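For reference, the structure is listed below as structure tokens.
Note that the structure is a prediction, hence the values are computed from the model and not measured. Each ligand, and each atom within it, is numbered from 1 in the order the structure gives.
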Amino acid sequence: MTQNTVEKTSVTLLGLGAMGTALARTWLAAGHPLTVWNRTPGRAMPLAAEGANIAGSAAEAVAANTLVVVCLLDDASVEDALAGTDLADRDLVNLTTGTPAQARARATWARERGARYLDGGIMAVPPMIGVQEAGGYVFYSGSRELFERHRETLAVPAGTVYVGQDAGFAALHDVALLSAMYGMFAGAAHAFALIRKEDIDPTSLAPLLADWLVAMAPAVHRTAAQLRSGDYTRGVVSSLAMQVAGTPAFLSTAEQQGVSTELLSPYFELMRRRLDGGGGEEDLTGVIDLLVR
Ligand code: FVH
């Protein structure tokens with residue numbers, strides 16, 4: 001008989017909210033021995049039936065395995081949960097959303113307690129976890145050695161993208177992408193508001209909107225190339241001057257439709273300022289310089 005089993009890394013997971021539970025299930029399904037802890041114990045119980053070891057305390061959970069993943073509400077809850085645990089010689093992977101400064105401080109904090117540290121920013125919602133084709137992934141930053149050591153285990157719930165030794169970079173990438181997402185949602189909200197009082201079915205606008213946003217998204221590559229070269233006129237398709245000239249039509253349409261321009265106007269004001277500063281031949285890239293203080 002041939003023995004073809006590869007030993008899977010044992011994982012400790014602190015935090016069984018919506019995201020933590022999704023992570024737990026994928027590791028269990030992939031055959032990783034898993035020890036879990038949650039502040040409210042009732043949330044851990046269903047996982048026992050799926051094979052998880054339920055720790056009675058965070059300290060017990062941390063003691064159980066070298067690889068300790070935390071996925072909690074915020075940085076303060078990480079502080080709370082890990083208080084009183086012995087992190088010496090642990091590989092701490094923190095998937096809790098926070099700021100770059102919090103991640104850097106947490107890396108120092110972990111090092112002072114004898115742990116190796118990796119920070120993560122999750123680019124997925126719980127239903128995407130463990131579903132490869134959903135395209136979710138996690139940004140990681142901090143110890144490269146730690147990332148390489150646990151790469152395979154970390155890749156079980158979602159893809160992995162390592163963005164550098166600076167522990168704050170995962171959070172920075174996370175916040176950058178999510179900020180762009182909110183800009184997109186803001187634009188979509190304005191678009192739906194424009195048709196709200198008309199005899200137009202929002203479900204007929206939605207696919208048009210989605211396709212349009214997808215068609216426009218690659219423009220970020222031109223923006224990046226212009227930022228890198230410092231030449232904001234390179235490869236311009238629609239000049240800033242032309243675009244500013246078009247803005248009254250957007251503002252008037254909003255007014256005629258009884259829609260507030262509070263989402264749109266701040267961006268238009270930045271475009272106008274850049275135009276007034278002599279950027280008429282440029283792309284929209286100059287707006288970025290106005291944002292950076
Ligand atoms: N869910 C999502 O869509 C997003 C997707 C992108 C990444 N985020 C971040 O993931 C972290 C966890 O999110 P979550 O969805 O699991 O959040 P909740 O379901 O609200 O669960 C929160 C867990 O945190 C525990 N907790 C809260 N405060 C404390 C504390 N002081 N001490 C110990 N644990 C604490 C909470 O425990 P309990 O309320 O069940 O006792 C949950 O386990 C988060 O950073 C998202 O931004 C998710």
Side-chain angles (χ1 to χ4, degrees), residues 11-28 34-48 50 52-64 68-87 90 92-107 109-110 113 117-132 134-142 154-161 163 167-185:
V11 182
T12 282
L13 174 65
L14 306 186
L16 295 171
M19 184 54 79
T21 300
L23 296 171
R25 292 212 154 102
T26 61
W27 276 314
L28 286 170
L34 182 72
T35 298
V36 295
W37 172 84
N38 194 63
R39 179 182 62 174
T40 306
R43 280 178 118 166
M45 293 317 162
L47 291 171
E50 296 172 42
N53 306 309
I54 313 296
S57 66
E60 189 186 314
V62 169
V68 177
V69 179
V70 296
C71 186
L72 297 163
L73 187 63
D74 55 15
D75 189 60
S77 52
V78 174
E79 182 82 34
D80 284 352
L82 292 176
T85 66
D86 181 3
L87 288 170
R90 299 294 98 167
L92 182 61
V93 179
N94 184 9
L95 301 184
T96 305
T97 300
T99 67
Q102 284 171 334
R104 288 174 188 133
R106 193 55 64 196
W109 177 94
R113 284 156 183 78
Y117 186 83
L118 196 59
D119 203 79
I122 304 175
M123 302 307 302
V125 291
M128 292 165 77
I129 297 299
V131 183
Q132 213 185 339
Y137 62 89
V138 180
F139 284 122
Y140 288 99
S141 66
L154 296 175
V156 169
T160 60
V161 179
V163 286
F169 276 11
L172 189 55
H173 280 74
D174 184 18
V175 170
L177 264 61
L178 292 176
S179 299
M181 177 193 77
Y182 281 117
M184 180 187 75
F185 286 155

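Listed by atom number, the atoms of ligand 1 under 4.0 Å from Leu16 heavy atoms are 43 (O). Close approach to Arg43 involves these atoms of ligand 1, each under 4.0 Å from a residue heavy atom: 19 (O), 38 (P), 39 (O), 40 (O), 42 (C).
Residue-to-ligand polar distances keep Asp74 apart from ligand 1: every N/O pair is separated by 3.5 Å or more. Note: no N/O pair closer than 3.5 Å links Gly15 and ligand 1 by distance alone. Any N or O atom pair closer than 3.5 Å counts here, and Leu72 shares at least one such pair with ligand 1. Taking only nitrogen or oxygen atoms, main chain and side chain alike, Ala81 does not reach within less than 3.5 Å of ligand 1.
Of the protein's heavy atoms, Asp80 OD2, 2.9 Å lies nearest to atom 31 (N) of ligand 1. Summary of contacts: the protein heavy atom closest to atom 6 (C) of ligand 1 is Ala124 O, 3.4 Å. If you check which protein heavy atom lies closest to atom 46 (C) of ligand 1, you get Thr97 OG1, 3.5 Å. Taking atom 13 (O) of ligand 1 as the reference point, the nearest protein heavy-atom neighbour is Met19 CB, 3.9 Å.
Leu177 is linked by a side-chain contact (heavy atoms from CB on, under 4.5 Å) to Met123, Tyr137, Phe139, counting only residues two or more places apart in sequence or in another chain.
With a heavy-atom cut-off of 4.0 Å, Asn38 touches ligand 1 through its side chain alone.
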